[in-house]
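Data first, discussion second: the structure below is written as structure tokens.
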Protein chains: 2
Amino acid sequence: MDICKRLGENVRRYRKEKGWSQEAFAHEADIHRTYISDIERGARNPTITIIEKLARPLGVTASQLLE
Amino acid sequence: MDICKRLGENVRRYRKEKGWSQEAFAHEADIHRTYISDIERGARNPTITIIEKLARPLGVTASQLLE
DNA sequence: ATGTGACTGTTAGTCCGTC
DNA sequence: AGACGGACTAACAGTCACA
């Protein structure tokens with residue numbers, strides 16, 4: 001399983017647990033909406049600083065997003 | 001604690017557990033030795049595909065490198 | 001509310017070295 | 001053995017219009 005896809009699935013799952021749209025989450029994480037879309041589809045290969053920006057509003061660790 | 005520094009410390013610890021020099025590890029991971037040096041010093045912001053390339057020869061998961 | 005192609009400036013990542 | 005610099009190319013960060 002590709003690590004980018006795994007990250008995407010994790011982000012999407014945690015985001016939905018929060019009841020957020022991509023747009024709302026993008027605002028919380030201070031990341032562009034379309035970038036979130038790309039991440040969730042595994043279409044990007046982000047850096048670890050992006051992983052951390054995603055993790056914080058979701059209330060999880062960067063490590064958890066890669067599990 | 002900066003996530004880049006945390007990654008660096010984890011990589012260094014796991015590498016030493018294997019008894020590898022940076023150069024030997026670089027060869028195992030198929031990553032340039034100077035890049036390994038940068039990573040361990042927390043001077044780089046790598047992508048998740050690099051995290052995975054680092055994790056495999058160390059016998060750990062990408063997730064563990066960010067813990 | 002989300003997926004996607006395209007674009008530009010910036011940086012990730014490689015490779016040459018020296019200390 | 002490892003830190004660190006310079007220079008280079010490939011790829012990412014960040015954004016937009018449109019579907």
Side-chain angles (χ1 to χ4, degrees):
Chain A
M1 174 69 180
D2 180 1
I3 192 167
C4 294
K5 289 216 188 304
R6 198 161 65 237
L7 168 71
E9 288 178 4
N10 288 335
V11 168
R12 181 162 287 176
R13 190 178 68 251
Y14 286 124
R15 173 178 65 81
K16 295 209 167 181
E17 280 178 13
K18 284 277 183 180
W20 285 334
S21 66
Q22 286 183 354
E23 213 155 11
F25 175 42
H27 186 259
E28 293 291 332
D30 193 31
I31 291 178
H32 203 272
R33 173 190 75 75
T34 59
Y35 197 72
I36 299 289
S37 172
D38 287 348
I39 293 279
E40 290 193 1
R41 284 177 297 116
R44 295 266 189 167
N45 178 28
T47 59
I48 59 178
T49 59
I50 294 287
I51 307 297
E52 208 179 29
K53 283 181 77 173
L54 293 168
R56 195 171 322 144
L58 291 173
V60 298
T61 62
S63 178
Q64 282 177 282
L65 290 184
L66 293 185
E67 275 171 1
Chain B
M1 175 69 181
D2 182 355
I3 191 167
C4 293
K5 288 216 190 302
R6 199 161 65 238
L7 169 71
E9 288 179 4
N10 288 333
V11 168
R12 179 161 291 179
R13 190 177 70 251
Y14 286 124
R15 172 177 68 79
K16 295 208 167 180
E17 280 178 12
K18 285 278 184 179
W20 285 332
S21 66
Q22 286 182 354
E23 211 154 10
F25 174 43
H27 186 259
E28 292 292 331
D30 194 30
I31 292 176
H32 204 270
R33 72 185 163 77
T34 60
Y35 198 62
I36 299 288
S37 171
D38 288 349
I39 294 275
E40 290 193 1
R41 285 178 294 119
R44 292 279 186 162
N45 179 27
T47 58
I48 58 177
T49 58
I50 293 288
I51 307 297
E52 208 180 28
K53 285 181 75 173
L54 294 168
R56 194 171 323 142
L58 292 174
V60 298
T61 63
S63 179
Q64 282 177 282
L65 291 183
L66 294 184
E67 275 172 0

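Atom set for the values below is all heavy atoms of this structure, side chains included, hydrogens, waters and symmetry mates excluded.
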- Any side-chain heavy atom of B:Leu58 within less than 4.5 Å of one from B:Trp20? yes
- Item | Heavy-atom closest contact (A:Gln22 atom, A:Ser37 atom, distance) | OE1-CB, 3.5 Å
- Item | Residue from B:Lys16, B:Arg15, B:Arg6 passing salt bridge (Lys or Arg N to Asp or Glu O under 4.0 Å) with B:Glu40 | B:Arg15
- Message: Which heavy atom of A:Ala55 sits nearest to which heavy atom of A:Thr61, and what is that distance?
- Response: CB-C, 3.7 Å
- What are the two closest heavy atoms between B:Leu54 and B:Pro57, and how far apart are they? O-CD, 3.5 Å
- Task: State, to the nearest 10°, the angle formed by the axis through the first five base pairs of the helix from C:dT2-D:dA19 to C:dC19-D:dG2 and the axis through its last five.
- Result: 40°
- Query: Can you give one letter per nucleotide of nucleotides 11-19 of chain C, 5' to 3': B if a protein heavy atom sits under 4.0 Å from the base, S if only from the sugar-phosphate, - if neither?
  - Reply: -SBBBBB--
- Is the distance from OP1 or OP2 of C:dT2 to the nearest side-chain N or O of A:Ser37 less than 4.0 Å? no
- Item | Contact check, side chains of B:Arg33 and B:His27, non-hydrogen atoms, under 4.5 Å | no
- Note on the structure: Nearest heavy-atom approach of A:Ile36 to A:Ala26 is CG1-CB, 3.8 Å
- Item | Whole angstrom value for the distance that separates P of D:dA3 from CD1 of B:Ile36 | 11 Å
- Name every residue in residues 56-67 of chain A that has at least one heavy atom under 4.0 Å from any atom of DNA chain C, in order of residue number, or write none if there are no such residues. none
- Message: Is there a side-chain contact between B:Arg41 and B:Asp38 in this structure, where contact means two heavy atoms from C-beta onward sitting under 4.5 Å apart?
- Response: yes
- Does A:Asn10 use its side chain to pair, donor to acceptor, with the backbone of A:Glu67 at less than 3.5 Å? yes
- Could you say whether B:Arg41 or B:Glu23 is positioned toward the 5' end of DNA chain D, judged by the nucleotide with the nearest heavy atom to each? B:Glu23
- Item | Short N-O contact, A:Lys18 and A:Glu28, less than 4.0 angstrom | no
- Which part of the nucleic acid does B:Glu40 contact within heavy-atom distance under 4.0 Å: base, sugar-phosphate only, or nothing? nothing
